[in-house]
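The analysis underlying the following values was restricted to heavy atoms, covering all of them including side chains, and did not include hydrogens, waters or symmetry mates.
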Amino acid sequence: MVENEPSADEPSTQQPTGKQAREAKPRGRGRPRSFDRATALEKALLIFWERGYEATSVSDLTRAMGIGPPSLYAAFGDKRTLFAEVLVEYGQTHGSVPGRALDEEPTARAGFERMLRDVARAFTEPGHPHGCMVIHAATNCSTPEVEETLRAHRNANVADFERRIRADIAAGHLPPDVDARALALHVAAVFQGMSQQARDGASAEDLDRVAGLAMRAWPPAPTFARTESAEA
């Protein structure tokens with residue numbers, strides 16, 4: 001409250017100073033943000049990753065992010081809007097490991113083997129919850145829009161896996177009779193299973209062995225493809 005405020009019938013001749021001047025500023029502009037948005041977003045990501053979407057409340061988020069509900073709504077919108085932004089952030093940071101492995105290897109087979117071995121380490125790293133956030137966030141999810149978003153993410157991954165496998169078939173790196181859809185689902189199932197095993201306490205070494213076994217299900221490359229690879 002402004003100190004020494006004149007009555008409604010008595011205009012003030014004093015110029016506001018100090019506290020009065022600060023309180024007299026127009027309120028329409030709102031207060032400047034007093035927290036780092038990127039840091040708050042990372043904290044929200046971690047709490048969603050740890051608890052899943054449905055089990056994370058707004059009070060959980062504000063406590064983890066160190067901000068009040070008005071600041072959360074002003075900066076990020078509601079819980080669902082915040083989670084949508086968290087998904088993008090996850091894909092660009094912690095969740096970028098699979099895509100990077102697939103993009104940097106010359107064949108789908110090499111890319112998937114590297115992907116599974118890389119996530120064996122990423123899923124068990126200290127400093128963040130274990131497993132894959134996109135998979136764990138769906139646990140007991142009863143919000144249809146969020147459930148559909150997460151399902152769409154998983155299905156998009158399977159479609160990308162299948163596309164890469166078909167490209168290998170077309171290039172002669174895999175036999176022409178390979179069931180690309182089944183092989184893509186196999187990789188996705190192993191990936192998702194490794195995520196849950198990491199949540200349950202499996203070590204990076206445990207998961208690396210799983211990755212090695214999973215790759216044994218891949219059909220061998222045609223003879224001429226193996227010869228070209230050896231010559232290269």
[X], [Y]: one ILVMFWY side-chain cluster at the under-4.5 Å cut-off?
X      : Y      : answer
Leu185 : Met194 : no
Val158 : Val178 : no
Val134 : Val88  : no

Pair His94-Glu42, side-chain contact (heavy atoms from CB on, under 4.5 Å): steps then yes or no: CA-CA 10 Å; His94 305 281; Glu42 174 68 11; 3.0 Å; yes

Out of curiosity, [X] [atom1] to [Y] [atom2], how far, rounded to the nearest 0.5 Å?
X      : Y      : atom1 : atom2 : value
Met215 : Leu116 : CE    : CG    : 7.0 Å
Glu54  : Thr56  : CD    : OG1   : 9.0 Å
Asn140 : Arg51  : CG    : CZ    : 14.5 Å
Arg199 : Ile135 : CZ    : CD1   : 10.5 Å
Asp179 : Ile169 : CG    : CD1   : 8.5 Å
Leu41  : Asp36  : CG    : CG    : 10.0 Å

Do [Y] and [X] meet the salt-bridge criterion of a basic N to acidic O distance under 4.0 Å?
X      : Y      : result
Arg151 : Glu147 : yes
Arg164 : Asp168 : no
Arg209 : Glu205 : no

Step-by-step side-chain contact (heavy atoms from CB on, under 4.5 Å) determination, Met65 to Phe35: CA-CA 9 Å; Met65 298 164 78; Phe35 63 92; 5.9 Å; no

Any idea which heavy atoms bring [X] and [Y] closest together, and the distance?
X      : Y      : result
Val119 : Pro98  : CG1-CG, 4.0 Å
Leu174 : Pro219 : CD2-O, 4.0 Å
Gly131 : Ala198 : N-CB, 3.9 Å
Ser59  : Thr62  : O-OG1, 3.1 Å
Asp118 : Ala101 : OD2-CB, 4.0 Å
Arg181 : Arg166 : N-NH2, 4.5 Å

Over-ring placement of Lys79 relative to Tyr53, 6.0 Å and 45° cut-offs: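 Yes, Lys79 and Tyr53 form such a contact.
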
Heavy atoms from other residues, nucleotides or ligands near CG of Asp177 exceed 12 (cutoff 6.0 Å):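 Enclosed.
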
More than 12 heavy atoms of other groups within 6.0 Å of Arg163 CZ: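 Yes - once you tally the heavy atoms of other residues, nucleotides and ligands closer than 6.0 Å, there are more than 12.
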
[X] side-chain N/O to [Y] backbone N/O, donor-acceptor pair under 3.5 Å:
X      : Y      : value
His186 : Ala214 : yes
Arg109 : Pro220 : no
Asp206 : Ser203 : yes
Asp60  : Ser57  : yes
His136 : Glu50  : yes
Arg37  : Ala75  : yes
Glu105 : Ala110 : no
Ser195 : Cys132 : yes

Residue pair Leu102, Phe161: steps toward the side-chain contact (heavy atoms from CB on, under 4.5 Å) verdict: CA-CA 9 Å; Leu102 293 172; Phe161 294 171; 3.9 Å; yes

Geometric class of the Trp49/His128 ring pair [parallel <30°, tilted 30-60°, perpendicular >60°]: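 The arrangement is parallel - the two ring planes meet at less than 30°.
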
pair Met133-Val86: side-chain heavy atoms closer than 4.5 Å: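 With C-beta onward as the side chain, the pair touches.
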
Minimum side-chain heavy-atom gap Leu150-Arg154 below 4.5 Å: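 Of all side-chain heavy-atom pairs linking Arg154 with Leu150, at least one is under 4.5 Å.
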
Chi angles and distances behind the side-chain contact (heavy atoms from CB on, under 4.5 Å) call for Trp218, Val187: CA-CA 10 Å; Trp218 280 66; Val187 174; 3.9 Å; yes

Aromatic ring proximity Phe191/Phe123, centre distance under 6.0 Å: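 Between Phe191 and Phe123, the centre distance is under 6.0 Å.
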
Residue pair Arg114, Asp103: steps toward the salt bridge (Lys or Arg N to Asp or Glu O under 4.0 Å) verdict: CA-CA 11 Å; Arg114 176 178 160 188; Asp103 289 341; over 6 Å; no

